[in-house]
Amino acid sequence: MSSFPTVPSLPNSLLRSLKYDTGNSPNSPFSTYFDSDTLSALSDGQEQYSPGEILSGVSSSLETNHYMYNRSISTLDSFPLYSDRNSLLQNASSNQKIQHALLELETALMAPDDDQVTTPNTLAERHRSWNNENHVSQHNTQAQPSYATGNRQSSEVVHVEKRQKLMEEEATLEAFPPNNLKQLLIACAKALSENNMNDFDQLVGRAKDAVSINGEPIQRLGAYMVEGLVARTQASGNSIYHALRCREPEGEELLTYMQLLFEICPYLKFGYMAANGAIAQACRNEDHIHIIDFQIAQGTQWMTLLQALAARPGGAPHVRITGIDDPVSKYARGDGPEVVGKRLALMSEKFGIPVEFHGVPVFAPDVTREMLDIRPGEALAVNFPLQLHHTADESVHVSNPRDGLLRLVRSLSPKVTTLVEQESNTNTTPFFNRFIETLDYYLAIFESIDVTLPRDSKERINVEQHCLARDIVNIIACEGKERVERHELFGKWKSRLKMAGFQQCPLSSYVNSVIRSLLRCYSEHYTLVEKDGAMLLGWKDRNLISASAWHC
């Protein structure tokens with residue numbers, strides 16, 4: 001590979017289930033993309049993680065491999081994350097506009113309550129020069145049915161179950177059509193769920209011949225789903241999950257895998273804009289702001305927010321950021337929370353705003369009130385960015401750490417709490433239904449990547465392998481405490497937050513209008529809908545990410 005270093009393959013003792021050729025075959029998903037130091041450390045010492053650490057939220061590739069988490073700070077001249085190799089990205093020029101739009105959005109939300117200068121219409125007018133290149137179809141804005149209050153089975157769960165039932169009916173062995181990889185994958189999962197190993201071995205052999213990491217979206221996704229199925233039979237899913245926790249590429253001229261995904265898809269930007277917009281609106285008149293980020297990662301989500309706060313007409317407030325930093329974040333970042341503090345210090349100096357940073361190197365469920373240094377007179381904002389689903393709930397542990405963490409946050413009386421999560425139902429769902437849900441969810445993501453990076457792109461292979469395959473294998477191959485990728489639909493999150501004592505607050509119309517405009521810089525197939533007080537970003541007819549804001 002010309003752009004990324006070639007590294008040794010996984011040792012056979014670690015991937016006993018891997019039945020692919022271990023050369024450079026296009027069918028081989030895990031052949032040449034792992035760091036040898038990573039593998040030796042993890043394969044020889046995996047028991048260093050206690051059961052509590054595993055169940056409490058080993059961070060997913062949305063953070064550790066930085067799939068939705070390598071915050072872009074390329075505009076900081078003194079601390080670039082990547083070089084000028086943006087010729088790799090088809091929409092690189094749009095990202096400067098997006099960054100500028102996000103800053104203007106947050107600045108507008110800082111305006112006093114009686115400021116009538118900036119409105120959604122004027123904001124849209126400000127970006128008209130680049131907004132009118134594409135048109136979002138009307139189905140993006142159609143309202144969808146809201147959840148029935150108090151009904152434990154939301155309308156989305158019903159929709160998921162109907163979709164799963166339809167896919168299951170189409171995947172019977174008797175009616176299996178040739179050259180239909182999706183139904184072949186479902187048939188593999190069904191045979192495994194019924195412990196029909198003779199059929200499973202035959203079907204999975206056919207599937208291995210049909211998948212390819214250089215093929216169509218379903219073929220590329222199929223390569224990782226087949227690996228998850230085989231790993232499930234060999235009980236090796238947890239080893240693969242930890243082994244895929246790879247460091248970023250080395251060298252200043254290399255784009256990180258997560259940075260590539262950040263640039264080519266709007267999922268990260270959507271989450272940042274929704275969360276930052278809600279915080280900006282809630283704290284627009286505050287002089288002392290304390291942000292608790294439950295997945296600090298690179299810390300660069302806060303760049304545009306700090307810049308907007310620094311330009312506030314009444315003067316910049318004092319900002320304190322507490323970053324929760326579990327050991328997995330440190331490993332993926334290559335350093336401890338000190339590096340985040342240095343980046344925030346650069347932002348503070350560049351923008352002229354006092355910023356204080358405190359790192360808390362623990363897993364989220366282990367956080368206590370004393371660790372957070374709550375001070376009177378500060379407006380508190382709590383941020384859960386694609387992280388809360390890693391914390392186990394009552395189905396895994398009798399103490400229910402997930403709801404316990406929400407109750408802790410509620411006891412702090414935050415002014416605003418933001419939640420961004422994957423819109424998927426994989427927490428307590430049985431294996432076969434979970435497989436179908438995972439197939440449907442990630443196929444939409446692989447399709448969205450397909451419209452931006454070419455099939456033979458090495459960068460695309462790295463993005464999909466290092467940022468997505470890890471989660472897929474964990475969802476399919478693992479159970480109990482080892483399965484830490486436990487997504488829930490927004491309706492379930494809403495129930496949890498209400499039970500913890502939160503009340504939902506609507507997201508700003510500024511946020512909605514600007515995000516809708518920014519999506520026009522991408523594919524016309526991206527959708528944005530408002531439902532039940534939340535915003536949901538999707539691909540075609542599949543919702544993928546939900547964003548919501550809450551107050552006490």
Side-chain angles (χ1 to χ4, degrees), residues 1-9 20-35 61-62 65-70 72 74 80-96 98 181 210-227 244 246-269 332 441-473 521-526 539-540 544:
M1 294 169 59
S2 59
S3 300
F4 295 91
T6 299
V7 293
S9 63
Y20 298 97
D21 296 334
T22 56
N24 291 321
S25 166
N27 300 67
S28 180
F30 298 143
S31 58
T32 59
Y33 301 99
F34 298 99
D35 181 272
S61 60
L62 299 188
N65 292 322
H66 307 150
Y67 165 52
M68 301 199 171
Y69 258 100
N70 197 343
S72 171
S74 57
L81 281 185
Y82 58 94
S83 70
D84 292 331
R85 259 188 353 126
N86 285 336
S87 58
L88 289 171
L89 309 175
Q90 297 180 8
N91 66 336
S93 61
S94 298
N95 286 286
Q96 294 181 353
I98 291 170
L181 180 54
V211 300
S212 170
I213 60 174
N214 291 321
E216 297 178 358
I218 184 61
Q219 291 178 296
R220 307 198 309 267
L221 172 60
Y224 304 118
M225 299 201 76
V226 167
E227 175 57 28
L244 283 172
C246 297
R247 290 180 182 271
E248 298 174 2
E250 297 180 358
E252 294 181 356
E253 295 184 355
L254 299 178
L255 291 172
T256 64
Y257 308 132
M258 239 350 278
Q259 187 62 48
L260 279 167
L261 190 61
F262 182 95
E263 300 290 357
I264 64 178
C265 296
Y267 306 120
L268 279 164
K269 299 180 182 74
Y441 183 88
Y442 283 97
L443 181 56
I445 293 180
F446 274 65
E447 287 180 354
S448 70
I449 295 175
D450 202 53
V451 302
T452 307
L453 291 179
R455 300 271 173 87
D456 59 352
S457 166
K458 295 181 178 65
E459 288 76 18
R460 180 200 51 71
I461 295 174
N462 283 321
V463 165
E464 292 174 351
Q465 184 171 74
H466 290 278
C467 300
L468 302 177
R470 182 174 187 262
D471 294 3
I472 293 167
V473 171
C521 295
Y522 297 90
S523 169
E524 62 181 2
H525 295 302
Y526 284 109
W539 175 261
K540 297 182 179 178
L544 297 175

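In this chain, residues are counted from 1 in sequence order. When reading the values below, keep in mind they use all heavy atoms of this one structure, side chains included, and skip hydrogens, waters and symmetry mates.
Judged as a side-chain hydrogen bond (donor to acceptor under 3.5 Å, both in side chains), and not counting sequence neighbours, Gln219 has no contacts. Take Arg460 and apply the salt bridge (charged side-chain N to carboxylate O under 4.0 Å, His left out) test, not counting sequence neighbours, and it matches Glu464.
Residues Pro217 and Arg455 have side chains in contact (heavy-atom distance under 4.5 Å, counting atoms from C-beta outward). Residues Ile472 and Leu221 are in side-chain contact: their nearest non-hydrogen atoms beyond the backbone lie under 4.5 Å apart. For the pair Tyr441 and Asp471, the minimum side-chain heavy-atom distance is 4.5 Å or more. When side chains are defined from C-beta on, Ile264 does not count as touching Val451, because their heavy atoms never get closer than 4.5 Å. Two residues are said to be in side-chain contact when any heavy atoms from C-beta on lie closer than 4.5 Å; Tyr224 and Ile213 meet this criterion. With a 4.5 Å cut-off on side-chain heavy atoms, Trp539 and Ser523 count as touching. Asp450 places a side-chain heavy atom less than 4.5 Å from the side chain of Arg220.
Note that OG of Ser448 and CG of Leu453 are 10.0 Å apart. Values are rounded to the nearest 0.5 Å. Taking CG of Asn214 as the reference point, atom NZ of Lys458 lies at 9.0 Å (rounded to 0.5 Å). In this structure, CG in Leu443 is found 8.5 Å from NZ in Lys540, a value given to the nearest 0.5 Å.
The two residues Leu261 and Cys467 make their nearest non-hydrogen contact at CD2-CB, 4.4 Å.
By the 30° and 60° cut-offs, the orientation of the rings of Tyr526 relative to Tyr267 is perpendicular.
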